[in-house]
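Structure first, then comments.
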Amino acid sequence: MAVPAALARKTSVHEIIRSLQRVVDEAVATLLRDDKQGRLPEIERGTFAQVCIDLLKTPDGRYLLGAGVARGLAQAESWNAKVQVVLDLLAEAPTDPAARELALSVLEQPISEILGSDVGLASVVGQELDRGGLALALIRLAHGQVVEAVTRLHPSLASEASPPSEVAAGVMRCLDQGMFPELRIDLGKRVLRELQAPGRLRPDSVAAEIELTRVLAVMLTASAGGSLPDDEVRDAIVERSRRLVEPGFINTLLEGVASPLAEGAALLLVLENVAGDANRLRAFRLVEANVTSARFSTETLDPANGPETMILDLARFYRRIARAGAGVAGAEQLLTYIGELAGRIDQRHGVIKGLTNALMPRPKKLELFQRMASGETAPPGPVAEQASAATRRLGVQGGPRVD
């Protein structure tokens, strides 16, 4: 602080420190004098509202009320307890508009300072959180109602959002009611900084890292606007997505993956959860390189689990790529390739011919062919077309589709 001030004023750092020390000494002397003269209020349980009303009549009422609140905070032994003191005082805040504005403005300062420090924040949201857990806890703290609404719509997200502590729940209620707007902004900015900072959100699991990135993106997007500008939220999500397509992360993701098909499924998970055109293109290229590799082709053409199962797996790949790769250059060509790959499996193993000649009830055979023709159990392409033709031969019109 002293160095930039000295540069701006073209003076020495020592002189700036001396001037700041004088300000501190004068403030301490004033506080001690006012305390000796009995000007600082004693805020007992049930008296806060009246103290606020009385201090409206004095020109230095904000300073005096702040001193009275600080006296009460000093008696609380832990950071968690200090936040509870603020919440208890807030519950007694006056209803008179002017007095209430005074109370809220004074109370916002200590709670913002406590939650702005690492040790104070940890005492409220949890001591053992990794960076991802902290970011999620901060979103919940700042936008509790939004997070609850999102988890109701997407129950799968609820497992990431653990129940808040009693004190954290109290802070959430205050912010959801529109109190402490500057604190909400500060918490939101802290979330964005955590997302944009180097390092992992979930150091122990790449799969959990991808899932948490998706959860944070959904919750941040739902919370955007007002305290969290849309463009800043988007930039933070795109930056975190960029880390998911970096070579180091991808190498860790694929460590120990047993087969090209499993590698493809892991890479598809990345594609499905990244944001930003450049990140989506990079993720798609990784999927494309995997699916069009000789290793992938070898595994699919001679599948250990049978050709019907492999064609079903390719149908699932097709649907996931069609959804996640929509609009990405090369996606249509890759989908066509997957359909043709399924056709090569059929040519080698006679899947359609085997079903046509199989001894089974006609309704069952129709069902199998219809599911293939619709794209459910075979990707659109040669296999789906042959299944559609087989369906027509059995007397039912079918046709390919992609859900």
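Residue numbers count from 1 along this sequence.
- A salt bridge links D118 with R190: at least one charged nitrogen is closer than 4.0 Å to a carboxylate oxygen.
- Minimum interatomic distance between V270 and A283 (heavy atoms only, all atoms of both residues): CG1-CB, 4.2 Å.
- Looking at R323 and E272, no side-chain N of the basic residue comes within less than 4.0 Å of a carboxylate O on the acidic one, giving no salt bridge.
- Counting heavy atoms from C-beta outward, V191 and L138 have side chains that approach closer than 4.5 Å.
- Side-chain atoms of F48 and L107, non-hydrogen and from C-beta on, do get closer than 4.5 Å to each other.
- Heavy atoms of other residues, nucleotides or ligands lying less than 6.0 angstrom from CD of Q109 number 12 at most.
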Go through L201 and D130 one step at a time and tell me if the side-chain contact (heavy atoms from CB on, under 4.5 Å) criterion holds. CA-CA 7 Å; L201 297 176; D130 56 20; over 6 Å; no
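- Of the inter-residue distances, the one linking L64 atom CG with C52 atom SG reads 11.5 Å to the nearest 0.5 angstrom.
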Can you check side-chain contact (heavy atoms from CB on, under 4.5 Å) on Y337 and Y318, steps first, answer last? CA-CA 10 Å; Y337 176 83; Y318 187 103; over 6 Å; no
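- Other residues, nucleotides and ligands place more than 12 heavy atoms under 6.0 Å from the CD atom of Q50.
- Using a distance-only test at 3.5 Å, with no hydrogens or angles considered, a donor-acceptor pair links the side chain of E108 to the main chain of E182.
- In this structure, the side chains of L314 and I345 come closer than 4.5 Å at one or more pairs of heavy atoms.
- Of the possible polar contacts, none joining the S297 side chain to the S293 backbone as a donor-acceptor pair under 3.5 Å is found.
- The pair D186-K189 does not meet the salt-bridge criterion, since no charged nitrogen lies less than 4.0 angstrom from a carboxylate oxygen.
- Within a 6.0 Å sphere centred on NZ of K365, other residues, nucleotides and ligands contribute more than 12 heavy atoms.
- When all heavy atoms are compared, the tightest approach of V51 to P41 is CG1-CB, 4.0 Å.
- In terms of modelled atom types and a separation under 3.5 Å, the side chain of D176 and the main chain of Q145 share a donor-acceptor contact.
- At a threshold of 4.5 Å between non-hydrogen side-chain atoms, the residues R320 and L271 do not count as touching.
- Proximity of a side-chain donor or acceptor of D60 to a complementary backbone N or O of Y63 within less than 3.5 Å is not detected.
- Side chains of L90 and I111 form no contact here, defined as non-hydrogen atoms less than 4.5 Å apart.
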CA sep, side-chain torsions, deciding dist, call: I43, R71, side-chain contact (heavy atoms from CB on, under 4.5 Å): CA-CA 8 Å; I43 301 176; R71 191 198 301 272; over 6 Å; no
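- For Q84 and D88, the side-chain atoms include at least one donor-acceptor pair closer than 3.5 Å.
- Annotation: the span from T47 atom OG1 to E42 atom CD amounts to 9.0 Å, rounded to 0.5 Å.
- Contact between R45 and E92 at its shortest, heavy atoms only, is CG-OE2, 3.8 Å.
- Residue pairs satisfying the ring-ring contact (aromatic ring centres under 6.0 Å, His included) criterion with at least one member in residues 243-266, sequence neighbours excluded, are absent.
- When all heavy atoms are compared, the tightest approach of S241 to A275 is OG-N, 2.9 Å.
- A salt bridge links R371 with E376: the closest approach of a Lys/Arg side-chain nitrogen to an acidic carboxylate oxygen falls below 4.0 angstrom.
- The shortest non-hydrogen separation linking N290 to P260 is ND2-O, 3.2 Å.
- The ring-ring contact (aromatic ring centres under 6.0 Å, His included) test applied to F369 returns no partner, not counting sequence neighbours.
- Counting only distance, with no hydrogens or angles, the side chain of D346 and the backbone of V351 share a donor-acceptor pair below 3.5 Å.
- Atom CD of E299 and atom CG of N305 lie 9.0 Å apart (nearest 0.5 Å).
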Take R184 and M179, measure what side-chain contact (heavy atoms from CB on, under 4.5 Å) needs, and give me the verdict at the end. CA-CA 9 Å; R184 171 175 270 184; M179 305 175 194; over 6 Å; no
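- At distances below 3.5 Å, not a single donor-acceptor pair connects side-chain atoms of R140 with backbone N or O atoms of V146.
- Between atom CD1 of residue I237 and atom OG1 of residue T213 there is a gap of 10.0 Å, rounded to the nearest 0.5 Å.
- Here the side chains of V125 and P164 are not in contact, with every heavy-atom distance at 4.5 Å or above.
- Counted within 6.0 Å of CG on N251, heavy atoms from surrounding residues, nucleotides or ligands total more than 12; the atom is thus considered enclosed.
- Within the 4.5 Å cutoff, side-chain heavy atoms of D302 are placed close to those of H349.
- Nearest heavy atom pair, residue E288 against residue G330, reads OE2-O, 4.3 Å.
- In terms of modelled atom types and a separation under 3.5 Å, the side chain of R200 and the main chain of R202 share a donor-acceptor contact.
- Salt-bridge formation is detected for the pair R242/E246: a Lys NZ or Arg NE/NH1/NH2 atom is positioned less than 4.0 Å from an Asp or Glu carboxylate oxygen.
- The backbone N or O of G132 lies less than 3.5 Å from no partner atom in the side chain of E194, so there is not a single donor-acceptor pair.
- Between the CD atom in Q196 and the CG atom in D235 there is a gap of 7.0 Å [rounded to 0.5 Å].
- L301 contributes atom CG, which lies 10.0 Å from atom CZ of F296 (distance to the nearest 0.5 angstrom).
- Residues passing the side chain to side chain contact (heavy atoms under 4.5 Å, CB included) test with S123 are W79, N80, Q127, sequence neighbours excluded.
- Between S105 and R62, the side chains place a donor N or O and an acceptor N or O closer than 3.5 Å (distance only, hydrogens not considered).
- Counting heavy atoms from C-beta outward, S388 and M372 have side chains that stay 4.5 Å or more apart.
- Of the residues listed (L195, L220, L212), the one engaging R240 in a side-chain contact (heavy atoms from CB on, under 4.5 Å) is L195, and it is the only one.
- Crowding of E166 atom CD: a count of heavy atoms from other residues, nucleotides or ligands under 6.0 Å not exceeding 12.
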